[in-house]
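Taking it in order: structure first as structure tokens, then the write-up.
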Amino acid sequence: MELTLCLNYPDWLPEWLLSHSGCYPDPNTRMRLAIELSQLNIQHESGGPFGAAIFDLNSHTLIAAGTNRVVSCGASFAHAEIMAITAAQKKLGHFDLATNGLPRCELVSSCQPCAMCFGAIPWSGIRHVACGARDSDARNIGFDEGPRHPDWIKALNNRNISVDLDICRDEAVAILQAYVKKNGPIYNTDL
């Protein structure tokens, strides 16, 4: 038996990426890109209210992006952060984004990474994480974000991964609230 696994971008994302290449020197501008991804994902009904992007930490150019595709791909791990990391790894040609010769990478996520995505960050080679909404904001609309290291920022800092919180938080929370108003599916509510 052969099993083919396929994670794909929503139909609208490749064209969006073409129109958003370039440099984003301001942290708020980078976060607004991730928030825009989450908003478009809701608008196009292509997944949950989460968006993420990978940027070159030095030049602040966009490398890759991802949106939540859990329901549409039928894969519990298809979170925006995982999709963005995977796209960056494919684009840069290596599973370890900290490999010599590759740009130092920043993960910008519309929401604080869940337990699974937190675990993927050190393995992926990400060097900086920027978050919009908080874990508590996602929980407030019904998402179960899973158990996380109680001092997750220190745990990442100990691995030379820096973290910034609450960048454009109000804007990111507004997208989560819009998703609830649109009756978007909240999965894993019975865990």
Heavy-atom check, side chain of Leu156 versus side chain of Pro122, under 4.5 Å:
yes

Has the side chain of His94 got a donor or acceptor atom that lies under 3.5 Å from a matching backbone atom of Lys91?
no

Just how far is it from atom CD of Gln43 to atom NZ of Lys182, taken to the nearest 0.5 Å?
7.0 Å

If you define the side chain from C-beta out and look only at heavy atoms, does anything of Ile54 sit under 4.5 Å from Ile126?
yes

So if you build clusters from Ile, Leu, Val, Met, Phe, Trp, Tyr with side-chain heavy-atom gaps below 4.5 Å, do Leu62 and Leu97 land together?
no

Between Ile63 and Pro103 the two heavy atoms that sit nearest each other are CD1-CG, 4.0 Å

Can you tell me how the ring of His20 sits relative to the ring of Trp16, calling it parallel under 30°, perpendicular over 60° and tilted otherwise?
parallel

Where is the tightest heavy-atom contact between Leu165 and Val163, given as atom of each residue plus distance?
CD2-CG1, 4.1 Å

Straight-line distance of Ser110 OG to Asn41 CG, nearest 0.5 Å:
9.5 Å

Check: Cys114 and His79 side chains under 4.5 Å, non-hydrogen atoms
yes

N/O donor-acceptor pair under 3.5 Å between Ser72 side chain and Ser46 backbone:
yes

Considering non-hydrogen atoms only, spot the tightest contact between Gly66 and Leu37 and give its length.
O-CD1, 4.1 Å

Do Pro113 and Cys131 come close enough that some side-chain heavy atom pair is under 4.5 Å?
yes

If Ile, Leu, Val, Met, Phe, Trp and Tyr residues are connected whenever their side-chain heavy atoms lie under 4.5 Å apart, and connections chain through other members, are Ile161 and Ile82 in the same group?
no

Tell me, with the steps shown, if Asp164 and His128 meet side-chain contact (heavy atoms from CB on, under 4.5 Å).
CA-CA 8 Å; Asp164 285 321; His128 179 76; 3.1 Å; yes

Distance check, rounded to the nearest 0.5 Å: Cys111 atom SG versus Arg134 atom CZ?
10.5 Å

Tell me every residue that passes side-chain contact (heavy atoms from CB on, under 4.5 Å) with Pro14, counting only those two or more places apart in sequence or in another chain.
Tyr9

Locate the shortest heavy-atom distance separating Val70 from Ser76; write the atom from each residue and the value.
CG2-O, 3.8 Å

In Å and rounded to the nearest 0.5 Å, what is the CZ to CD1 distance from Phe118 to Ile153?
10.0 Å

Is there a path of hydrophobic side-chain contacts, each under 4.5 Å between heavy atoms of I, L, V, M, F, W or Y residues, that connects Leu40 with Leu17?
yes

Quick check: closest heavy atoms across Ala172 and Ala133, and the distance to 0.1 Å?
CB-N, 3.4 Å

Quick one: salt bridge (charged side-chain N to carboxylate O under 4.0 Å, His left out) pairs with a partner in residues 93-115, sequence neighbours left out?
Arg30-Glu106

Around atom CG of Asp151, are there more than 12 heavy atoms of other residues, nucleotides or ligands at under 6.0 Å?
yes

Closest heavy-atom pair and its distance - Ala84, Ala52:
CB-O, 3.8 Å

side-chain contact (heavy atoms from CB on, under 4.5 Å) between Leu33 and Val108, intermediate numbers included:
CA-CA 9 Å; Leu33 220 66; Val108 177; over 6 Å; no

Are any side-chain N or O atoms of Ser38 and backbone N or O atoms of Ile35, one a donor and one an acceptor, separated by less than 3.5 Å?
yes

Spacing of Asp137 atom CG and Ile175 atom CD1 [to the nearest 0.5 Å]:
12.5 Å

In terms of side-chain heavy atoms, does Asn8 have a donor or acceptor partner in Arg69 at a distance below 3.5 Å?
yes

Going only through I, L, V, M, F, W and Y residues with side-chain contacts under 4.5 Å, is there a path from Tyr179 to Trp12?
yes

Does a donor on one side chain sit under 3.5 Å from an acceptor on the other, for Asp26 and His60?
no

Quick one: do Phe50 and Val173 end up in the same hydrophobic cluster if we chain Ile, Leu, Val, Met, Phe, Trp and Tyr together by side-chain heavy atoms under 4.5 Å apart?
no

For the pair Leu107 and Cys117, evaluate side-chain contact (heavy atoms from CB on, under 4.5 Å) and give the outcome as yes or no after the intermediate values.
CA-CA 11 Å; Leu107 169 65; Cys117 295; over 6 Å; no

Can you measure from CG (Leu57) to CZ (Arg127) and round to the nearest 0.5 angstrom?
9.5 Å

